Amino acid sequence: MRELTKVFEHATVDPKWYAYWEELGAFRASPASDRPVFSMVLPPPNVTGWLHIGHALNQTLPDIVARWKRMQGYDVLWLPGTDHAGIATQNVVEKQLAKENKTRHDLGREAFEARVWEWVKQSHGTITSQMRQLGSSVDWSRERFTLDESLSRAVRRVFVTLYKERLIYRGTYLVSWCPRCRTALSDLEVVHKDTAGKLYRIRYPYADGDGGVVVATTRPETMLGDTAVAVHPDDERYRALSERVIRLPVIGREIRFIRDEFVDPEFGTGAVKVTPAHDPNDFEMGRRHELAAISVIDEDGKMTAEAGPYVGRDRFDARRALVEQLDAEGLLVGVDEHIHSVGHCQRCRAVVEPLLSTQWFVKIRPLADRALEVVDQQKTRFVPANWTRTYNDWMTNIHDWCISRQLWWGHRIPAWYCDDCSEIVVSEETPSACACGGSLRQDTDVLDTWFSSGLWPFSTMGWPDSTRDLARYYPTTLLITAHDIIFFWVARMMMLGVRFAGDVPFKTVYITSLVRDAHGQKMSKSKGNVVDPLKLIGEIGADAFRFTLAALASPGMDISLSEGRLCGYRQFINKIWNASRFVLINLPETLTERPAVPRSAGLDVIHRWMLHRASELADEIGTALEEFRFDVAADRLYHAFWHEYADWYIELVKPHLQAEGTRRDTAIAVLLEVHDRFLRLLHPFIPFVTEEIWQALPRRPEDGRAVDTSRQTITLARFPEPVSEWDDSEAVDVVELLQEVITTIRTVRSEWGVPPSRKVTVVIEASFESEWEVLRTNADSITHLASLESLEFADHVPRDPDTVRRVVRNFQVHIPLAGIVDRSKETERVRKNLNKLVKQRESLRARLSNRAFVERAAPAVVDEARAKEQAIGQHQVKLEQILAELGG
RNA sequence: GGGCGGUUAGCUCAGGGGUAGAGCACCGGUUUUACACGCCGGCUGUCACAGGUUCAAAUCCUGUACCGCCCACCA
């Protein structure tokens with residue numbers, strides 16, 4: 001036992017306990033144990049810098065679960081790690097180089113990679129330190145990085161296997177290309193934004209000179225690559241034109257006129273220019289009609305030689321110039337304002353260009369079908385369940401996945417090309433030479449970073465080897481992640497996990513919300529509303545921060561980080577701290593072990609009530625956590641600790657602590673038991689402060705023992721369960737009565753401005769002595785909590801105009817306030833109360849006299865209404881008496 | 001165009017068939033020996049709008065409006 005400091009100093013306390021937990025190996029999974037398994041993987045943060053507030057939520061919620069399960073006796077594996085984050089990390093380092101006026105090409109591939117590794121090392125340190133500050137109870141001994149050799153081996157194994165199954169192929173298709181990053185992107189990496197643009201109507205003259213057809217386009221510069229003009233097959237307007245040839249302006253190329261179902265006759269002129277090399281729809285049309293695909297924009301976003309006079313010009317520059325030229329030639333028929341969706345690079349915001357390019361793809365349909373199947377069979381469950389639809393819709397409409405990136409940072413594609421023949425060797429190990437004897441060159445591209453993330457749940461456990469971890473912890477029990485990476489990550493893990501690890505990667509996915517600022521705005525650096533979790537932790541401590549996140553984590557709702565709430569929960573931590581100090585200073589010096597709680601049957605009603613509530617609370621918290629209702633659990637704990645335990649029980653128990661002998665011993669035993677249970681229930685949410693307090697309190701030698709040591713930690717103590725022997729509805733009823741009486745007296749005192757220093761003697765009036773017995777037994781509690789001189793009982797109290805009378809159930813509470821009470825004001829008050837009662841009673845009577853209600857409503861509801869009506873009736877009679885005697 | 005969520009006290013949000021809750025803010029009292037980051041008391045709402053189902057709707061259904069998010073091959 002130790003004393004607690006006056007205030008909780010999280011800055012010094014938190015790191016101390018985290019180090020202690022690590023030293024004890026408290027977070028280490030124990031594959032050799034016979035305990036039931038609970039496993040999770042941490043969504044690996046990108047090693048691009050530091051954790052933001054969204055990460056904080058996605059560490060806190062699983063940490064609550066991990067700590068809770070660990071305390072329940074599960075063998076918990078929570079596997080941490082980081083993601084190399086190919087394009088994101090490369091961009092960060094390239095930006096650093098740019099400040100030195102360098103590009104990655106100045107360094108060369110090898111030196112550049114070394115430079116990235118340097119950055120990664122530093123960033124990794126920042127991230128893991130942040131995780132420790134947050135209290136994340138991960139198993140650091142199993143930490144992984146997506147570029148670890150063992151994970152890279154898994155990547156190669158998967159690539160080669162899919163290639164052999166023809167589920168990975170290489171080909172030339174239209175892909176989304178970022179001219180700034182100079183790499184291909186997957187569909188998901190293209191962010192579409194509605195943009196105000198222009199719709200240009202351009203006349204394409206017929207080759208034989210007279211007239212022409214007007215087409216509409218938002219991207220005139222691509223017309224230089226047009227190879228046809230298309231109309232809908234049923235479009236009457238163009239019936240006669242099928243034989244005519246069109247001469248493309250500027251370039252002068254003669255192009256065909258085609259009919260295709262794709263064309264919407266309602267849009268524009270019903271005629272559309274076809275550019276197979278720069279538009280996905282046109283690409284498809286081009287295939288259907290065997291059109292040539294002419295690339296007029298290159299990988300840097302500049303016009304190619306095919307663009308004739310525009311060669312070398314930037315695509316947007318070319319657009320402006322071309323429109324001018326068309327206008328000058330009288331071919332620009334009109335320009336309309338037009339809002340349309342423009343694709344931007346997720347990482348650098350540059351406008352993405354559809355380009356014809358040779359890339360590697362995953363043929364996704366077969367993988368997606370199985371991923372749909374397993375969710376349909378409920379092998380994996382989404383919570384909240386409505387995310388299932390989002391997942392299903394995406395999986396159903398999925399397109400092949402472009403997995404090659406023209407980057408330097410990432411897993412090199414395990415494909416080699418022969419210099420001498422056209423052979424492509426795809427192999428896990430570096431091949432020495434081609435079968436033809438020619439020398440081989442490895443593909444210079446790397447894989448999409450999500451390709452390796454998609455293997456995370458099993459690659460981290462040693463796959464493709466058959467490891468003990470894999471056998472024991474895969475499939476994982478639960479994944480907690482935010483909804484913004486359902487497609488990027490969750491869906492890919494499902495497809496690859498089912499295919500390669502032989503089972504779903506997780507049985508349940510809990511999808512969290514995104515964290516926004518106090519006004520519900522998405523946090524972004526440009527808006528300047530980004531909240532740094534470390535700053536918050538510094539200010540209010542990790543515990544208060546975590547508790548706030550938990551309390552605000554209502555399913556399906558994005559979280560607005562409200563300052564008021566943060567502050568309120570910081571004060572909650574303070575409340576816990578001070579209540580604990582109170583408990584500690586009341587303990588006898590000699591007490592070294594937490595004493596057993598006496599059988600509840602003979603205890604005072606306040607103890608019985610508190611034990612009952614403690615038991616009930618364990619049930620409530622357990623249920624809430626089972627349902628991932630972190631918000632409900634936090635709210636219940638907050639209310640129970642503060643407004644039941646601290647406000648009532650601790651206050652009620654104070655006189656007992658002043659006593660001696662059994663009365664005091666009993667109070668201490670119950671107080672300690674309940675306090676200990678609260679700490680354990682709270683620990684998953686606020687690990688640091690609870691450990692600090694728990695360590696200071698007396699406990700039993702067997703509590704929370706770390707493996708092979710005598711050292712104890714609340715982290716390994718048992719999570720409280722309901723205790724059926726403590727069920728006691730009678731005690732609840734009595735304490736509620738006490739609370740009503742006390743509150744009534746307090747309210748009267750407050751209403752009439754009676755200072756706490758003025759002790760009054762209150763008389764409780766009830767018709768029969770047997771009725772007041774229960775109050776008399778607890779008279780000291782009432783006296784204490786209502787600041788009374790004393791409490792007396794009588795079957796009749798003489799009426800006195802200077803005494804305020806209030807009705808509580810079947811009691812009348814007489815509060816003498818000579819010299820204070822203004823009778824007309826008191827009359828007003830009583831009348832107001834009476835009016836309220838009459839209104840309530842009228843509404844109840846109306847209901848009860850409605851035959852339909854009595855016949856159709858549930859009997860319990862009817863009974864309840866009857867009882868209430870009666871009680872109000874009695875109350876009303878008494879108030880009317882009081883009013884009459886007041887002369888009202 | 002499709003999908004999802006939201007609209008409850010001044011603010012941030014719970015709740016969810018029987019007649020409204022929390023934190024913060026606000027008002028009054030209070031330094032009672034754990035806590036003024038406290039204690040005690042109080043005030044605050046046609047639960048977005050319109051229909052419907054029901055004995056009973058803030059709660060279920062339908063529609064409308066507004067806000068937000070996601071998806072989509074809107075030349």
Side-chain angles (χ1 to χ4, degrees), chain A residues 4 6-7 187 192 194 199-200 215-219 222 230 262-264 267-275 279-285 338-341 354 384 386-387 389-390 393-394 397 399 483-484 486-487 513-514 516 518-522 540 548 551-552 554 556-586 631-632 635 638-639 643 646-647 650-651 654 742-743 746-751 753-757 784-787 840 843 847 850-858 861-862 864-865:
Chain A
L4 294 179
K6 184 115 169 91
V7 292
D187 298 345
H192 291 274
D194 275 351
L199 186 65
Y200 303 88
V215 300
T217 180
T218 54
R219 305 198 52 202
T222 64
F262 163 77
V263 181
D264 174 9
F267 189 94
T269 58
V272 57
K273 62 190 269 313
V274 184
T275 326
D279 181 277
N281 289 315
D282 296 4
F283 182 77
E284 292 304 320
M285 263 196 283
H338 184 67
I339 292 170
H340 63 129
S341 182
N386 41 327
W387 288 111
R389 186 183 179 126
T390 304
D393 286 354
W394 188 76
N397 301 310
H399 298 297
H483 63 68
D484 58 342
I486 291 180
F487 305 143
S513 318
L514 295 177
R516 299 164 180 283
H519 306 288
Q521 295 292 304
K522 203 167 181 171
I540 66 170
T548 307
L552 294 179
S554 301
M557 283 282 289
D558 280 346
I559 295 174
S560 299
L561 203 64
S562 131
E563 210 172 305
R565 299 285 291 265
L566 277 163
C567 224
Y569 293 121
R570 182 197 62 199
Q571 276 148 220
F572 180 50
I573 302 299
N574 187 252
K575 188 74 187 178
I576 294 167
W577 183 256
N578 281 299
S580 305
R581 287 177 60 218
F582 172 80
V583 170
L584 265 169
I585 59 173
N586 277 287
D631 58 328
V632 170
D635 188 63
Y638 180 94
H639 184 265
H643 299 305
D647 285 353
I650 288 187
E651 293 305 325
K654 275 177 178 172
I742 291 163
T743 304
R746 281 172 175 172
T747 305
V748 170
R749 295 184 65 120
S750 174
E751 279 172 351
V754 184
S757 50
H784 175 234
L785 290 193
S787 295
Q840 266 182 42
S843 127
R847 253 208 286 175
N850 178 355
R851 190 181 301 163
F853 171 71
V854 180
E855 282 171 3
R856 298 198 199 177
V861 173
V862 179
E864 198 188 318

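The shown structure was predicted, so the numbers you read here are calculated from the model rather than taken from an experiment. Heavy-atom basis, side chains included; hydrogens, waters and symmetry copies ignored.
At a cut-off of 3.5 angstrom, the base of B:U30 holds no donor-acceptor pair with the side chain of A:S757. Residue-to-nucleotide contacts include no donor-acceptor pair under 3.5 Å from the side chain of A:E563 to the base of B:A25.
Looking at A:F853 and A:V862, their side chains come closer than 4.5 Å, going by heavy atoms from C-beta outward. Residues A:L566 and A:R570 fail the side-chain proximity criterion, which asks for heavy atoms closer than 4.5 Å. Two residues are said to be in side-chain contact when any heavy atoms from C-beta on lie closer than 4.5 Å; A:K273 and A:T222 meet this criterion. Under the 4.5 Å side-chain criterion, counting only non-hydrogen atoms from C-beta, A:T548 is not in contact with A:F572.
The distance from atom CD of A:E864 to atom P of B:A56 is 18 Å, rounded to the nearest whole Å. Taking atom NZ of residue A:K575 and atom C1' of nucleotide B:G23, one finds them 15 Å apart after rounding to whole Å. The CG atom of A:D194 sits 12 Å away from the P atom of B:G1 (whole-angstrom rounding). Rounded to whole Å, the distance from CZ on A:R746 to P on B:U30 is 16 Å. Per the geometry, CG belonging to A:L561 stands 19 Å off P belonging to B:G23, to the nearest Å. Computed from coordinates, the A:N850 CG to B:U19 C1' distance equals 15 Å when rounded to whole Å. Atom pair A:E651:CD and B:U32:C1' shows a separation of 9 Å (rounding to whole Å applied). A straight line from NZ of A:K6 to C1' of B:A34 spans 8 Å, rounded to a whole angstrom.
Nucleotides B:C4 and B:U62 place their P atoms 11 Å apart, quoted to the nearest Å. Across B:A20 and B:U44, the matching P atoms stand 13 Å from one another, rounded to whole Å. Nucleotides B:G3 and B:A14 have their P atoms positioned 25 Å apart, rounded to a whole Å. Taking atom C1' on both nucleotides, B:G45 is separated from B:G28 by 22 Å, rounded to a whole Å. Comparing B:C39 with B:U31, their C1' atoms sit 10 Å apart, to the nearest whole Å. Comparing the P positions of B:C27 and B:U54 gives an interatomic distance of 49 Å, to the nearest angstrom. B:G15 and B:A25: their P atoms are spaced 24 Å apart (whole Å). Rounded to the nearest Å, the gap between the C1' atom of B:G29 and that of B:G18 is 37 Å.
Of all nucleotides present, none satisfies the Watson-Crick or G-U wobble test against B:A20 with each distance under 3.5 Å. Pairing partner, B:C37: none, since no Watson-Crick or wobble contact has both distances short of 3.5 Å. Pairing of B:C26, defined by two Watson-Crick or G-U wobble distances under 3.5 Å, is identified with B:G42. B:A57 makes up no base pair with any nucleotide shown, lacking Watson-Crick or G-U wobble contacts both under 3.5 Å. Judged by Watson-Crick or G-U wobble contacts below 3.5 Å, the nucleotide B:G63 has B:C49 as its partner. Nucleotide B:C69: paired with B:G3 (Watson-Crick or G-U wobble, both distances less than 3.5 Å).
Side-chain N/O atoms of A:S787 include none lying less than 4.0 angstrom from OP1 or OP2 on B:U32. Proximity of A:Q571 to the phosphate of B:C35: no side-chain N or O atom is located under 4.0 Å from OP1 or OP2. OP1 or OP2 of B:G23 lies within a sub-4.0 Å distance of a side-chain N or O belonging to A:H643. Taking side-chain N and O atoms only, A:K654 has a distance below 4.0 Å to OP1 or OP2 of B:A34. In this model, the phosphate group of B:A34 is not approached by any side-chain N or O of A:N586 to a distance below 4.0 Å at OP1 or OP2. For A:R565 and B:C24, the shortest distance from a side-chain N or O to OP1 or OP2 is not below 4.0 Å.
Considering only side-chain atoms of A:A857, the nucleotide from B:C40, B:U12, B:G18 that sits closest is B:G18. Taking the side chain of A:D647 as heavy atoms from C-beta on, and the options B:A14, B:C40, B:A34, the nearest nucleotide is B:C40. Side-chain proximity of A:F487 to the nucleotides B:C70, B:A34, B:A14 is greatest for B:C70. Between B:G28, B:C39, B:C13, one nucleotide has an atom nearer to the side chain of A:S750 than all others, and that is B:G28. In this structure, of B:C39, B:C13, B:U19, it is B:U19 that holds the atom nearest to the side chain of A:R847. Of the listed nucleotides (B:A22, B:C35, B:C4), B:C4 has the atom at the smallest distance from the side chain of A:N386. Listed candidates were B:C37, B:G41, B:U19. Nearest to the side chain of A:S843 is B:U19. Closest contact between the side chain of A:V263 and the listed nucleotides B:A34, B:A75, B:G42 involves B:A75. Comparing B:G3, B:C13, B:C37 by their closest approach to the side chain of A:R570 singles out B:C37. Each of B:A34, B:A75, B:C69 was ranked by its minimum atom distance to the side chain of A:H483; first place goes to B:C69.
Note on A:I585: only backbone sugar-phosphate atoms sit closer than 4.0 angstrom, heavy atoms only; bases stay farther off. Across all strands shown, A:A230 has no heavy atoms under 4.0 Å from either base or sugar-phosphate atoms. Residue contacts for A:S341: at a heavy-atom cut-off of 4.0 Å it reaches a base atom on one of the strands shown. Among the atoms of the strands shown, base atoms are found under 4.0 Å from some heavy atom of A:A646. Contacts of A:F572 with the nucleic acid, taken as non-hydrogen atoms under 4.0 Å apart, are absent. Using a 4.0 Å heavy-atom cutoff across all strands shown, A:A865 reaches no nucleic acid atom at all.
Proximity of a side-chain donor or acceptor of A:R749 to a complementary backbone N or O of A:P755 within less than 3.5 Å is detected. Checking side-chain atoms of A:S580 against main-chain N and O of A:I576 turns up a donor-acceptor pair under 3.5 Å. Between the side chain of A:D631 and the backbone N or O of A:A551 there is no donor-acceptor pair closer than 3.5 Å.
Defined by atom type and a distance below 3.5 Å, a donor-acceptor pair is present between the side-chain atoms of A:N578 and A:N574.
Along RNA chain B, the nucleotide closest to A:K273 and the one closest to A:W394 are compared, and the more 5′ of them pairs with A:W394. Along RNA chain B, the nucleotide closest to A:D393 and the one closest to A:V854 are compared, and the more 5′ of them pairs with A:D393.
Using cut-offs of 30° and 60° on the angle between ring planes, the pair A:Y638 and A:Y569 is perpendicular.
Minimum heavy-atom separation, A:A646 to A:K575: CB-CE, 3.8 Å.
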